[in-house]
Amino acid sequence: MARSLTGGSFGVQGMLKEGTKHLTGLEEATFKNIEAAKQLSSCVRTSLGPNGMNKMVINHLDKLFITNDSATIVQELEVQHPAAKLLVMASKMQESDSGDGTNFVVVFAGELLMAAEELLKNGLHVSEVIGGYNASCAKALEELDKLVSYSAPADVFSSPDKLATCIKSVIAAKQWGNEDLVSSKIAEACVIAMPDNLRNFNVDNVRVAKIVGNSLQSTSVIKGLCLTRNVISMISEVHNAKIAVYGTPLDSATTETKGTVLLKSAEDLKNYNDSEEAALEKIIKSIADAGANMVICGQSIGELALHFVDKYGMACLKVPSKFELRRLCRSTGANNLVRLEPPSPDDLGTCKHVYVKEIGSTMCTIFDHEDSDSRTATIVVRGSSMNIMDDVERAIDDGVNVVKTMARDARFVPGAGACELRLADALQQFGEAQPGLDQYAINKFGLALEVVPRTLAENAGLDATNIVAAMYAAHKSGKEGVGVDIVEGTTSDCGVIDLLATKKEAIRFATDAAVTVLRVDQIIMAKPAGGPKAPAQGGPPGSTGDML
């Protein structure tokens, strides 16, 4: 009787619902989780640094991504394993928090788990490894403050040249060879969009417009908002624009309830049409009388409404993206009206000069405020293909996020692997001074930090062991800024700097992800919900659709 209650089996399997998978212990749970995280880490490791290789990812919508940006790679891979997903989430957190260092988070977390696997196989308990890692993380964050080599001056946010120097290293990791051009354009745009209170800097005020054609060298910065769409009215240029923004269709009003109109003669039909036209003209005239000389609509615009807009001398632009419409409202100070009615003076937005400009055979509408109060800038990216421009846009996004992080903390540490190697040395010395078994985990944490200079050297085709040894020797002799010189193939102080706040967050996120994976000792997976999978699209089973 007791056996029948458990469905014919004892233990955990008998307790759980049929179809549930249960894995426990080091071999079944911990090592399998570590293996999955290692696979993800090794996948993005070759993309680290300026010489990092690109990945070609085709997602479930058949969209092609060619990039070495780790955040994009892990997001589009659609990772299924729960342990590897923890690394993906840590990478996403780093992306949203700092904008840079996403690759370092995944690679370093993978290296920590590889080191932990070795310690666990040698007999250490998981709690001792976790304790050592947490102590190492706290010590590393403490040591990082001592490694600061440069602090940006107070006027860096008003000088494009100084700001470009600070973000050049970040861009070089994504756009090697174009870092001078891209960083200067980002700095120029950020200085335009920088508010008086630096902490209120909004990354959304630096927009990117991608226009196919020409080369990356033709990339430019426009003060104001640039939309890659043409006006649909006859008037294409407005000075001292008073802008009315509508989120509703600009057309004859339709009733919400169904109604029947009884027409007895042709005269009735003519009068009915005329009354519709008169009602629409009255609305458009009232908008013009309110002082508006430009109408922007987020939905459809009727031919008749467009005729009356032209008749009353207003420009008209259709912006179907609600996000672009929102930015436009923020840039011009307009309110998005949800009813087709004349705007009040407070609802009208203003812009000094709105005009249409042809950029590489694409007609663009530019909202130029022509004054220092405008806090919006657009970087017009040019390139031979969308994939190239997408990658440049990701680099710009990272650069702008780094500027935002700089507004909070503008201290920098040596880059090119120098900071990580000095931390590794400090942690190994710290580990030797510890009395307990934690010292083995602390020592491994320090060795794991060597993954950055090693990977930079390997991706550049250099001998990683000799490079790391030469860097250790240089640091011991007092040359603390020496890192991997991928141009000359040696070690030297190239002036590469990384943001301190980015490095701190990356180490913290990577350690937390690794510790979370190690804390798991059982995996219990319920049977997936739902019935059998639906047949493939293309006809019933056995039809020609199944043979394709």
Side-chain angles (χ1 to χ4, degrees), residues 90 93-94 97-105 107-109 111-112 131-154 156-157 162-163 165-170 173 198-199 401-434 438-439 441-453 456 471-472 474-484 493-515:
M93 280 298 298
Q94 178 71 10
D97 209 51
S98 305
D100 187 36
T102 52
N103 206 325
F104 173 64
V105 169
V107 170
F108 182 48
E111 200 70 16
L112 286 176
Y133 278 4
N134 285 331
S136 303
C137 182
K139 179 68 176 174
L141 297 178
E142 182 188 318
E143 287 290 324
L144 266 173
D145 288 325
K146 301 175 187 175
L147 302 182
V148 174
S149 61
Y150 173 73
S151 293
V156 69
F157 296 107
K162 290 180 182 177
L163 191 57
T165 306
C166 294
I167 61 176
K168 190 173 167 183
S169 303
V170 176
L198 302 178
R199 289 182 177 273
N401 274 290
V402 167
V403 172
K404 184 183 179 182
T405 310
M406 275 180 66
R408 298 198 308 264
D409 186 353
R411 292 178 295 167
F412 291 83
V413 292
C419 167
E420 285 82 6
L421 212 62
R422 285 173 65 187
L423 277 179
D425 189 32
L427 284 171
Q428 287 175 62
Q429 291 178 17
F430 172 66
E432 287 168 7
Q434 300 305 305
D438 290 0
Q439 62 176 298
I442 295 169
N443 189 48
K444 287 291 185 185
F445 191 99
L447 287 172
L449 280 163
E450 286 185 8
V451 71
V452 176
L456 289 173
M471 284 172 66
Y472 268 126
H475 293 168
K476 293 293 183 185
S477 64
K479 299 173 184 174
E480 295 178 338
V482 171
V484 182
D493 190 347
C494 312
V496 178
I497 50 175
D498 288 334
L499 198 60
L500 172 68
T502 301
K503 199 69 74 178
K504 275 186 170 181
E505 291 298 319
I507 290 175
R508 190 181 292 120
F509 283 138
T511 308
D512 286 349
V515 166

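In this chain, numbering begins with 1 at the start of the sequence shown.
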State, to 0.1 Å, how close [X] and [Y] come at their nearest heavy-atom pair, and which atoms those are.
X    : Y    : value
G132 : A441 : CA-CB, 3.8 Å
A514 : A109 : CB-O, 4.2 Å
L112 : A510 : CD1-O, 4.2 Å
H475 : V482 : NE2-O, 2.9 Å
A501 : T405 : CB-CG2, 3.7 Å

Kindly indicate whether the side chain of [X], heavy atoms from C-beta on, has any atom under 4.5 Å from the side chain of [Y].
X    : Y    : answer
V105 : E505 : no
V170 : T502 : no
M406 : L163 : yes
E143 : L427 : no
L421 : V452 : no

Which distance, rounded to the nearest 0.5 Å, do you find between the [atom1] of [X] and the [atom2] of [Y]?
X    : Y    : atom1 : atom2 : result
R422 : K146 : CZ    : NZ    : 11.0 Å
M93  : F509 : CE    : CZ    : 4.0 Å
I507 : L144 : CD1   : CG    : 4.5 Å
L500 : C419 : CG    : SG    : 8.0 Å
F108 : T511 : CZ    : OG1   : 5.0 Å
L423 : F445 : CG    : CZ    : 8.5 Å

Report the residues that fulfil salt bridge (charged side-chain N to carboxylate O under 4.0 Å, His left out) with E432, sequence neighbours left out, ordered by chain and then residue number.
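If we apply the salt bridge (charged side-chain N to carboxylate O under 4.0 Å, His left out) test to E432, skipping adjacent residues, there are no hits.
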Just jot down the salt bridge (charged side-chain N to carboxylate O under 4.0 Å, His left out) partners of K503, sequence neighbours excluded, or say none.
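E420, D498.
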N/O donor-acceptor pair under 3.5 Å between Q428 side chain and A424 backbone
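Present.
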